[in-house]
Amino acid sequence: MSALHDPVLAWYDDHARELPWRGVQASAWSVMVSEFMLQQTPVARVLPVHEQWLTRWPTPADLAAESSGEAVRAWGRLGYPRRALRLHAAATAIVAEHGGEVPASYDDLRALPGIGDYTAAAIATFAHGRRHVVLDTNVRRVFARAVSGVEFPAASVTRAERDVAQDLLPEDEPTAASWSVAVMELGALVCTAANPRCGDCPVAGLCAWRAAGKPAYDGPPRKVQTWAGTDRQCRGRLLAVLRDAEGSVPRARLDAAWADEAQRTRCLASLLADGLLVRTDAGSYALP
DNA sequence: AAGACGTGGGT
DNA sequence: TACCCAAGTCT
């Protein structure tokens, strides 16, 4: 046991948010839907959409019975709509290959579309109580500071980082699961990227970064997402037209949504290629 | 393996 | 106002 364990676990007992995908009554499917939605998206924006999804599609089979376009539409403005497509595809695979039950094994989860290392570990852990290293951006930041003494982790997960997390993972399954969610929560609420609330941190006295005087980040420049005028913005505009329409829309409606013709045409093609849009027989466009 | 991929709230 | 960045995945 590390000296970090008890204070972090105790802190979580007192400060954990009550979220619908936590708690004993939450289904594995509820956890899985939440993990997809939470990929790069804040909790506050996920909450209402998650509730709508679970009400409308309480099981993987319910979602799989719908068209993928309905999933994209119901995804709303969560962003990265390919996640909706992948979640729909994952639900379909769960019905076809797993009897409609969300798999409990990391390997089975990892094989599903849209599920990478983090999400597989998270679902196995939070939905099924399995013991896995759960390394998300929050956990990585907490360990970078508390253990490694630096403000931010590297751009991608390193072997050393994984070793630290593995060494810190409690031996028994229930405690390992509690530990993982507790460290994540600590990173989300206290050990935040900007303006960490060290005064509220249960392990401030053990934190290597704080002990070193909180040295400023000195690694390579962290990537900043460009946005205005990008294909991403264009794609978002085009898809929003379809999301907000009843059925199919004529090409002219899409043309009106983005001025640059070359870029618009390119983005339309990429949306088609991604399966986020389809062309109808009449030559108009619709959600799949 | 660096870059693409949405969106909106916080500072 | 800009810029930061939020429970990643895929190619």
Side-chain angles (χ1 to χ4, degrees), chain A residues 12 16-17 19-22 26 30-50 72 75-87 89-90 109-127 132-143 151-158 165 177 180-189 191-197 217 220-244 257-258 263 266-267 270-271 273-276:
Chain A
Y12 184 75
R17 291 167 292 182
L19 300 172
W21 46 87
R22 289 181 181 160
S30 175
V31 173
M32 177 168 163
V33 171
S34 80
E35 290 301 341
F36 270 74
M37 292 182 171
L38 287 164
Q39 291 168 1
Q40 300 284 283
T41 306
V43 168
R45 287 174 45 209
V46 165
L47 248 14
V49 184
H50 179 272
V72 172
W75 196 253
R77 305 187 67 78
L78 243 28
Y80 292 145
R82 289 189 293 191
R83 291 182 293 168
L85 240 32
R86 291 172 181 153
L87 183 47
L109 288 162
R110 185 67 182 77
L112 295 171
I115 296 188
D117 173 68
Y118 161 75
T119 303
I123 296 172
T125 298
F126 304 140
H132 290 280
V133 168
V134 178
L135 264 189
D136 80 323
T137 189
N138 291 304
V139 173
R140 296 185 63 215
R141 189 173 55 249
V142 170
F143 290 164
E151 186 176 17
F152 296 114
S156 54
V157 177
T158 64
S180 293
V181 73
V183 176
M184 282 180 67
E185 192 78 336
L186 186 64
L189 299 182
C191 195
T192 49
N195 310 315
R197 302 165 53 197
Y217 176 78
R222 292 187 292 160
K223 57 172 181 257
V224 289
Q225 300 181 355
T226 53
W227 175 244
T230 59
D231 284 6
R232 293 161 79 175
Q233 184 182 29
C234 180
R235 286 166 54 105
R237 289 277 178 77
L238 295 175
L239 198 59
V241 172
L242 270 298
R243 222 169 31 222
D244 298 339
W258 193 262
Q263 186 175 30
R266 179 173 69 245
C267 289
S270 73
L271 287 169
D274 288 346
L276 283 164

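Numbers restart at 1 for each chain; the letters A, B, ... are given by sequence-line order, proteins then strands.
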Quiz item: Contact class for A:R17 vs. all strands (heavy atom < 4.0 Å): base, sugar-phosphate, or nothing?
Solution: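 Base, at least one base heavy atom under 4.0 Å.
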Quiz item: If you look at every strand shown and take non-hydrogen atoms under 4.0 Å, does A:L19 touch a base, only sugar-phosphate, or nothing?
Solution: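 Base contact - A:L19 has a heavy atom under 4.0 Å of at least one base atom.
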Exercise. Could you tell me from which nucleotide to which nucleotide of DNA chain C, 5' to 3', there is an atom under 4.0 Å from chain A heavy atoms?
Key: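 Here the contact window of chain A covers C:dC4 to C:dC10.
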Quiz item: In the 5'-to-3' direction, what one-character label does each nucleotide of nucleotides 3-11 of chain B receive under the scheme B = base within less than 4.0 Å of a protein heavy atom, S = sugar-phosphate only, - = no such atom?
Solution: --BBBS---
Can you name the side-chain contact (heavy atoms from CB on, under 4.5 Å) partners of [X], sequence neighbours left out?
X      : value
A:D136 : A:Y118, A:N138, A:V139, A:M184
A:A257 : A:L238, A:V241
A:T230 : A:T226, A:W227, A:R232, A:Q233
A:L189 : A:W11, A:R17, A:E185

Quiz item: If you pin A:D136 and A:R86 to their nearest nucleotides in DNA chain C, which one's is more 5'?
Solution: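 Result of the comparison: A:D136.
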Practice problem: Tell me which of A:P113 and A:F152 sits closer to the 5' end of DNA chain C, going by the nucleotide each one is nearest to. | Solution: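 That would be A:F152.
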Exercise. State which residues pass salt bridge (charged side-chain N to carboxylate O under 4.0 Å, His left out) with A:R45; sequence neighbours excluded, sorted by chain then number.
Key: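 A:R45: no salt bridge (charged side-chain N to carboxylate O under 4.0 Å, His left out) contacts found.
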Residues two or more places apart in sequence or in another chain: which of them pass side chain to side chain donor-acceptor pair (under 3.5 Å) with [X]?
X      : result
A:T125 : none
A:D231 : A:Q263, A:R266
A:R77  : none
A:R83  : A:T41

Quiz prompt | Residues from residues 114-124 of chain A lying under 4.0 Å of DNA chain C - heavy atoms | solution =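 Heavy-atom cutoff 4.0 Å gives A:G114, A:I115, A:G116, A:D117, A:Y118, A:T119.
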